[in-house]
Amino acid sequence: MIIKKQKLDGVYLVESKPFEDKRGRFSRHFCREEFNKAGISFEIKQTNISENKKSKTLRGFHFQTPPYAENKILNCMKGSIYNIVLDLRTKSKTYLKWQSFELSDANRFVLYVPGGCANAYMTLTDNTLIFYCHSEFYKSSYCKAIRYNDPLFKFDWPFAPEVISDKDKNIENYNIKNKFF
């Protein structure tokens with residue numbers, strides 16, 4: 001595994017070194033030992049799969065607040081997504097900054113998102129499949145969200161979303177006075 005630090009503090013992009021033979025391809029999605037060597041402590045408490053039928057489907061920005069702030073590991077198992085991570089940690093040197101990534105079944109990148117960062121993605125192809133590992137259990141009363149087109153952040157999405165939940169569509173713009181972390 002090649003674990004690369006990104007411009008956002010604590011965010012990593014992971015490339016697996018796949019093994020291929022006549023049967024097909026094998027690669028690691030997560031290895032605690034490799035992550036620990038990179039300074040990442042991660043305990044999986046929950047896994048989720050997100051299936052999306054249509055291209056230009058938008059999900060996010062979602063996160064949980066303390067004491068249930070969660071680290072996430074995600075990758076796109078089928079199709080392609082444009083993923084954005086937003087840093088909401090007030091003590092981070094990249095506070096209120098964001099970074100985008102393209103994750104796909106072709107590049108097989110794995111993205112590590114630390115607690116205190118919000119995550120969102122837009123599908124670039126029909127029939128995408130995203131696999132998530134979470135370091136905390138889902139706690140609805142600690143779930144928060146940031147609006148996908150909040151003018152404060154000037155997110156650069158590749159397209160206008162065509163499929164988006166009412167919940168994500170109707171989130172109020174971020175108030176700079178909010179301190180989640």
What's the separation between atom CD1 in Ile73 and atom OH in Tyr112, rounded to the nearest 0.5 Å?
7.5 Å
Modelled atom types, side-chain donor and acceptor of Asn52 and Thr123, under 3.5 Å
no
Begin from the C-alpha positions of Phe153 and Tyr174 and carry the test ring-ring contact (aromatic ring centres under 6.0 Å, His included) through to its verdict.
CA-CA 9 Å; Phe153 302 107; Tyr174 182 74; 5.6 Å; yes
Donor + acceptor pair across side chains of His134, Asn71 (<3.5 Å)
no
Going through the checks in order, is the side chain to side chain contact (heavy atoms under 4.5 Å, CB included) test met by Phe35 and Met1?
CA-CA 9 Å; Phe35 274 56; Met1 300 180 96; 4.0 Å; yes
Separation between CG (Leu88) and OG1 (Thr65), nearest 0.5 Å, reads 11.0 Å
Test item: Lys4 and Ile2 side chains (from C-beta on) under 4.5 Å apart, heavy atoms
yes
With a 4.5 Å cut-off on side-chain heavy-atom distances among I, L, V, M, F, W and Y, is there a chain of contacts connecting Tyr95 to Phe61?
yes
Determine whether the aromatic ring centres of Tyr68 and Phe137 lie less than 6.0 Å apart.
no
Can you get from Val14 to Phe19 by hopping between Ile, Leu, Val, Met, Phe, Trp and Tyr side chains that sit under 4.5 Å apart?
no
Out of curiosity, Asp21 CG to Arg25 CZ, how far, rounded to the nearest 0.5 Å?
12.0 Å
Answer yes or no: are there more than 12 heavy-atom neighbours, outside Lys97 itself, under 6.0 Å from its atom NZ?
no
Would a hydrophobic clustering, with Ile, Leu, Val, Met, Phe, Trp and Tyr connected at side-chain separations under 4.5 Å, put Leu58 with Ile49?
no
Going by atom types alone, do His29 and Asn75 pair a side-chain donor with an acceptor below 3.5 Å?
yes
Please report the closest heavy-atom contact between Thr94 and Lys7, naming both atoms and the distance.
CG2-O, 3.4 Å
Determine whether Phe42 and Phe30 satisfy the following criterion, ring-ring contact (aromatic ring centres under 6.0 Å, His included), listing intermediate values before the conclusion.
CA-CA 10 Å; Phe42 192 87; Phe30 172 77; 5.6 Å; yes
Counting neighbours of CD on Glu20 that are heavy atoms of other residues, nucleotides or ligands and sit closer than 6.0 Å, is the number greater than 12?
yes
Name the one of Ser80, Pro161, Ser55, Ser100 that satisfies side chain to side chain contact (heavy atoms under 4.5 Å, CB included) with Met122?
Pro161
Hydrophobic clusters join Ile, Leu, Val, Met, Phe, Trp and Tyr when side-chain heavy atoms are under 4.5 Å apart, directly or via other members; which others share one with Leu74?
Leu8, Val11, Leu13, Ile81, Val85, Phe101, Leu103, Phe109, Leu111, Val113, Tyr121, Ile130, Tyr132
To the nearest 0.5 Å, what is the distance between CG on Leu96 and CD1 on Ile146?
8.5 Å
Under 3.5 Å, is there a donor-acceptor pair between the side chain of Thr90 and the main chain of Phe181?
yes
Closest non-hydrogen atom pair, Asn36 against Ser41:
OD1-CA, 3.9 Å
Contacts satisfying side chain to side chain donor-acceptor pair (under 3.5 Å) that involve residues 136-147 (not counting sequence neighbours) are Arg147-Asn149
Report yes or no: does Trp157 contribute a side-chain atom to a donor-acceptor pair with the main-chain N or O of Tyr82 at less than 3.5 Å?
no
In this structure, are over 12 heavy atoms from other groups packed under 6.0 Å from Met77 atom CE?
no
Heavy-atom closest contact (Phe63 atom, Ala118 atom, distance)
CD2-CB, 3.6 Å
Any chance you could measure Lys177, atom NZ, to Lys179, atom NZ, to the nearest 0.5 Å?
10.5 Å
Would you find a donor on one side and an acceptor on the other, under 3.5 Å apart, between the side chain of Ser16 and the backbone of Arg28?
yes
Taking Pro114's backbone N and O only, do any of them form a donor-acceptor pair with Glu70's side chain (distance below 3.5 Å, no angle check)?
no
Might you work through the side chain to side chain contact (heavy atoms under 4.5 Å, CB included) test for Ser135 and Lys72, ending with a clear yes or no?
CA-CA 7 Å; Ser135 66; Lys72 298 176 186 175; over 6 Å; no
Trace of the side chain to side chain contact (heavy atoms under 4.5 Å, CB included) decision for Leu124 with Glu102
CA-CA 9 Å; Leu124 301 174; Glu102 187 170 330; 3.8 Å; yes
Give the intermediate values and the outcome of side chain to side chain contact (heavy atoms under 4.5 Å, CB included) for residues Glu15 and Arg108.
CA-CA 7 Å; Glu15 294 181 57; Arg108 300 180 186 266; over 6 Å; no
OH of Tyr148 to OG of Ser165: how many Å apart, nearest 0.5 Å?
10.5 Å
Determine whether a donor-acceptor pair (N or O, by modelled atom type, separation under 3.5 Å) exists between the side chain of Asp168 and the backbone of Ile164.
no
Can you find a pair of side-chain heavy atoms, one from Ser50 and one from Leu129, that are under 4.5 Å apart?
no
Spell out, yes or no, whether Phe131 and Ile44 are grouped together once hydrophobic residues are joined by side-chain heavy atoms under 4.5 Å, including indirect joins.
no
